[in-house]
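One structure is given below, encoded as structure tokens.
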Amino acid sequence: MTEDTPADEPVWCPASAQEAAAAEVVLQAVPWRSVTRQLDVLPPWGGQALVDATNAVIRYTPEKTEADDFGSRASNQVAAVVAATARVVKAFSTLPYCSLQGPRVDDGRS
């Protein structure tokens, strides 16, 4: 804080991953391949909201997006297994809209 900062303005400061995970709401924004490794080292979740802002992308180029294959599961379900006692919410995307479009079927629907 500086002398010009109002006393009631929140002060932001860095925290360790363990300290951050103790917050009421936690935003997870790490590369996809790091998700399970990052969540594994944290203490047990106590029902906090874990906002999953990751994209399950292995490789991205403007021409092609290669995503991890989870079968019938979504990537946030993988995070929910590792952070079992958190309330996982999927949010945000860093991918351009065109890369999220699925293949077209004969009647023109995705």
Side-chain angles (χ1 to χ4, degrees):
M1 272 174 61
T2 67
E3 291 178 16
D4 298 330
T5 305
D8 60 344
E9 187 170 318
V11 177
W12 298 91
C13 60
S16 70
Q18 286 76 15
E19 291 169 325
E24 189 175 328
V25 177
V26 178
L27 176 67
Q28 173 182 268
V30 297
W32 173 249
R33 293 294 184 158
S34 301
V35 169
T36 55
R37 185 175 68 243
Q38 295 292 327
L39 292 174
D40 277 342
V41 299
L42 297 175
W45 294 83
Q48 304 101 300
L50 173 60
V51 180
D52 179 10
T54 62
N55 290 289
V57 173
I58 298 169
R59 189 171 304 121
Y60 171 79
T61 66
E63 296 79 32
K64 182 179 180 182
T65 300
E66 187 179 338
D68 230 338
D69 182 8
F70 305 108
S72 62
R73 296 188 311 170
S75 62
N76 62 311
Q77 291 172 309
V78 172
V81 168
V82 180
T85 56
R87 293 175 295 137
V88 179
V89 178
K90 183 66 181 167
F92 308 109
S93 179
T94 59
L95 300 175
Y97 170 76
C98 61
S99 70
L100 301 175
Q101 292 177 314
R104 305 295 269 182
V105 293
D106 290 340
D107 64 0
R109 293 181 293 153
S110 294

Any idea which heavy atoms bring [X] and [Y] closest together, and the distance?
| X | Y | value |
| --- | --- | --- |
| Ala83 | Trp45 | CB-NE1, 3.4 Å |
| Ala15 | Ala20 | CB-N, 4.4 Å |
| Ala79 | Val35 | CB-CG1, 4.4 Å |

The reported gap from CZ in Arg33 to CD in Gln38 (rounded to nearest 0.5 angstrom) is 14.5 Å
Tell me, do [X] and [Y] make a side-chain contact under 4.5 Å, heavy atoms counted?
| X | Y | result |
| --- | --- | --- |
| Val88 | Gln77 | no |
| Trp32 | Thr54 | yes |
| Val26 | Leu42 | no |

- request: Give a yes or no answer on whether the side chain of Gln48 reaches the backbone of Ala21 with a donor-acceptor pair at less than 3.5 Å.
  value: yes
Check your understanding: Are more than 12 heavy atoms from other residues, nucleotides or ligands located less than 6.0 Å from atom CD of Gln18?
Key -> yes
Is there a chain of hydrophobic side chains (I, L, V, M, F, W, Y, each step under 4.5 Å between heavy atoms) that links Val82 to Val30? yes
Q: Would you kindly confirm whether Leu39 and Val81 end up in one hydrophobic cluster when ILVMFWY residues are joined by side chain heavy atoms under 4.5 Å apart?
A: no
